[in-house]
J.: 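Just passing along the structure, written as structure tokens.
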Amino acid sequence: QVQLVESGGGLVQAGNSLRLSCAASGRTFSGYAMGWFRQAPGKEREFVSAISKSGGSTRYADSAKGRFTISRDNAKNTVYLQMNSLKPEDTAVYYCAARAGSTGTSTERTYDYWGQGTQVTVSS
């Protein structure tokens, strides 16, 4: 089992930044690729970003490219999502997820463990 706890969400004005963190406990964090997803009100959950278990490979949704950066610190069992130039359409609950594989994917069903989510609200 892997337990995931997100933090760092909040209310910010458009154009500002937030850094989300996801702390993992349980099995060896470095053995899992990690992903970030989000779900806006009334919408399906969608992929945001993913990182390989080593941190050497990342991928982003088009909506996140150039503004968001995913990273991980395996010594701290934590994955981060740095979000810059936030827009109102980034408002959502953000979830981190872990999968027992080398690389992160954009497909929800490939992830084995999920956190409870953290709310991000961007005001215009």
Side-chain angles (χ1 to χ4, degrees):
Q1 282 280 55
V2 176
Q3 291 79 42
L4 302 172
V5 179
E6 301 95 337
S7 61
L11 171 64
V12 295
Q13 289 189 328
N16 284 354
S17 301
L18 277 177
R19 188 176 81 156
L20 305 183
S21 300
C22 173
S25 61
R27 297 201 175 177
T28 306
F29 178 70
S30 59
Y32 290 82
M34 301 296 294
W36 285 97
F37 292 77
R38 68 186 183 186
Q39 187 167 22
K43 294 187 177 182
E44 297 287 320
R45 189 156 56 184
E46 65 176 7
F47 170 73
V48 177
S49 184
I51 189 167
S52 63
K53 63 180 184 179
S54 69
S57 175
T58 59
R59 62 178 63 191
Y60 297 90
D62 288 344
S63 59
K65 287 179 182 175
R67 300 189 300 128
F68 294 3
T69 303
I70 191 171
S71 62
R72 66 188 295 162
D73 186 337
N74 286 344
K76 295 183 178 180
N77 291 352
T78 303
V79 62
Y80 305 96
L81 185 68
Q82 177 68 43
M83 305 187 294
N84 298 329
S85 301
L86 283 162
K87 305 174 182 180
E89 50 264 45
D90 295 317
T91 295
V93 177
Y94 283 71
Y95 300 89
C96 70
R99 65 182 300 268
S102 296
T103 58
T105 76
S106 60
T107 307
E108 284 189 51
R109 58 179 170 80
T110 66
Y111 287 84
D112 304 295
Y113 304 101
W114 292 82
Q116 293 300 306
T118 185
Q119 176 71 47
V120 171
T121 303
V122 184
S123 63
S124 57

J.: Can you tell me how far OG of Ser30 sits from CG of Asn77, rounded to the nearest 0.5 angstrom?
T.: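 Here the rounded value is 8.0 Å.
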J.: For Gln119 and Thr91, work out which heavy atoms get closest and say how close.
T.: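 Taking every non-hydrogen atom into account, NE2-CG2, 4.0 Å.
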J.: If you compare all heavy atoms of Ile70 against all heavy atoms of Thr58, which two are closest, and at what distance to 0.1 Å?
T.: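 Looking at all heavy atoms of both residues, the closest pair is CG2-CG2, 3.6 Å.
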J.: If you take all heavy atoms of Ala24 and Phe29, which pair is closest and at what distance?
T.: CB-CD1, 3.4 Å
J.: Between the main-chain N or O of Gln116 and the side-chain N or O of Glu6, is there a donor-acceptor pair closer than 3.5 Å?
T.: yes
J.: Check for a donor-acceptor pair, side chain of Ser49 on one end and backbone N or O of Tyr60 on the other, with a separation under 3.5 Å.
T.: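 No; zero donor-acceptor contacts below 3.5 Å.
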J.: Please say yes or no: joined through hydrophobic side-chain contacts below 4.5 Å, possibly via intermediate residues, are Phe47 and Ile51 part of one cluster?
T.: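 As far as the 4.5 Å side-chain criterion goes, Ile51 and Phe47 are not connected within one cluster.
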J.: So how far is it from Thr118 OG1 to Leu18 CG, rounded to the nearest 0.5 Å?
T.: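 Reported to 0.5 Å precision, the distance equals 8.5 Å.
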J.: Passes side-chain contact (heavy atoms from CB on, under 4.5 Å), Leu20 versus Met83? Steps please.
T.: CA-CA 8 Å; Leu20 305 183; Met83 305 187 294; 3.7 Å; yes
J.: Starting from the C-alpha separation in whole Å, work towards a yes-or-no answer on side-chain contact (heavy atoms from CB on, under 4.5 Å) for Cys22 and Trp36.
T.: CA-CA 9 Å; Cys22 173; Trp36 285 97; 3.7 Å; yes
J.: Where do Arg38 and Ser63 come nearest, in terms of heavy atoms and distance?
T.: NH2-OG, 3.5 Å
J.: Look at the side-chain heavy atoms of Ile, Leu, Val, Met, Phe, Trp and Tyr, link any pair under 4.5 Å apart, and say whether Tyr95 and Tyr32 land in one connected group.
T.: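 Not linked; separate clusters.
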J.: Do you reckon Val12 sits in the same ILVMFWY cluster as Tyr80, going by side-chain contacts under 4.5 Å, direct or chained?
T.: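 Per the 4.5 Å side-chain linkage, Val12 and Tyr80 are not co-clustered.
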J.: Taking atom OG of Ser85 and atom CZ of Arg67, what is their separation to the nearest 0.5 Å?
T.: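 If I round to the nearest 0.5 Å, the distance is 7.0 Å.
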J.: Under the salt bridge (Lys or Arg N to Asp or Glu O under 4.0 Å) criterion, do Asp90 and Lys87 qualify, and how do the steps go?
T.: CA-CA 5 Å; Asp90 295 317; Lys87 305 174 182 180; over 6 Å; no
J.: If only atom types and distance count, is the side chain of Asn74 paired as donor or acceptor with the main-chain N or O of Lys53 below 3.5 Å?
T.: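 Yes; judged by distance alone, with no hydrogens or angles, the pair exists.
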J.: What is the distance from atom OH of Tyr113 to atom SG of Cys96, rounded to the nearest 0.5 Å?
T.: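 The distance works out to 13.5 Å.
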J.: Using a 3.5 Å distance criterion without hydrogens, assess whether the side chain of Arg59 forms a donor-acceptor pair with backbone atoms of Gly104.
T.: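 Looks like yes, one N/O pair under 3.5 Å.
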J.: Locate the shortest heavy-atom distance separating Tyr111 from Ala33; write the atom from each residue and the value.
T.: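 So the two residues come closest at CE2-O, 4.4 Å.
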J.: Before you tell me yes or no, could you show the steps for Leu86 and Gln13 under side-chain contact (heavy atoms from CB on, under 4.5 Å), namely the whole-Å CA-CA distance, both residues' side-chain angles and the distance that decides it to 0.1 Å?
T.: CA-CA 8 Å; Leu86 283 162; Gln13 289 189 328; over 6 Å; no
J.: Going by the angle between their ring planes, with limits at 30° and 60°, are Phe37 and Trp114 parallel, tilted or perpendicular?
T.: tilted
J.: Lys76 vs Ser21, test: side-chain contact (heavy atoms from CB on, under 4.5 Å). Steps then yes/no.
T.: CA-CA 11 Å; Lys76 295 183 178 180; Ser21 300; over 6 Å; no
J.: Using the side-chain hydrogen bond (donor to acceptor under 3.5 Å, both in side chains) criterion, which residues pair with Thr105? Sequence neighbours excluded.
T.: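 So Thr105 forms a side-chain hydrogen bond (donor to acceptor under 3.5 Å, both in side chains) with Thr110.
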J.: How about Glu46: does its CD atom have over 12 heavy atoms from other parts shown lying under 6.0 Å from it?
T.: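 Atom CD in Glu46 is packed in, count exceeds 12.
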J.: Once you round to the nearest 0.5 Å, how far does CD of Glu108 lie from CZ of Arg45?
T.: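 Nearest 0.5 Å value for the CD-CZ distance: 4.5 Å.
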J.: Going from CD on Glu89 to OG on Ser124, what distance comes out if it is rounded to the nearest 0.5 angstrom?
T.: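 Between Glu89 CD and Ser124 OG, I get 10.0 Å after rounding to 0.5 Å.
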J.: What closest approach, in Å, do Ala98 and Leu4 show between heavy atoms, and which atom pair accounts for it?
T.: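 Looking at all heavy atoms of both residues, the shortest contact is N-CD1, 3.8 Å.
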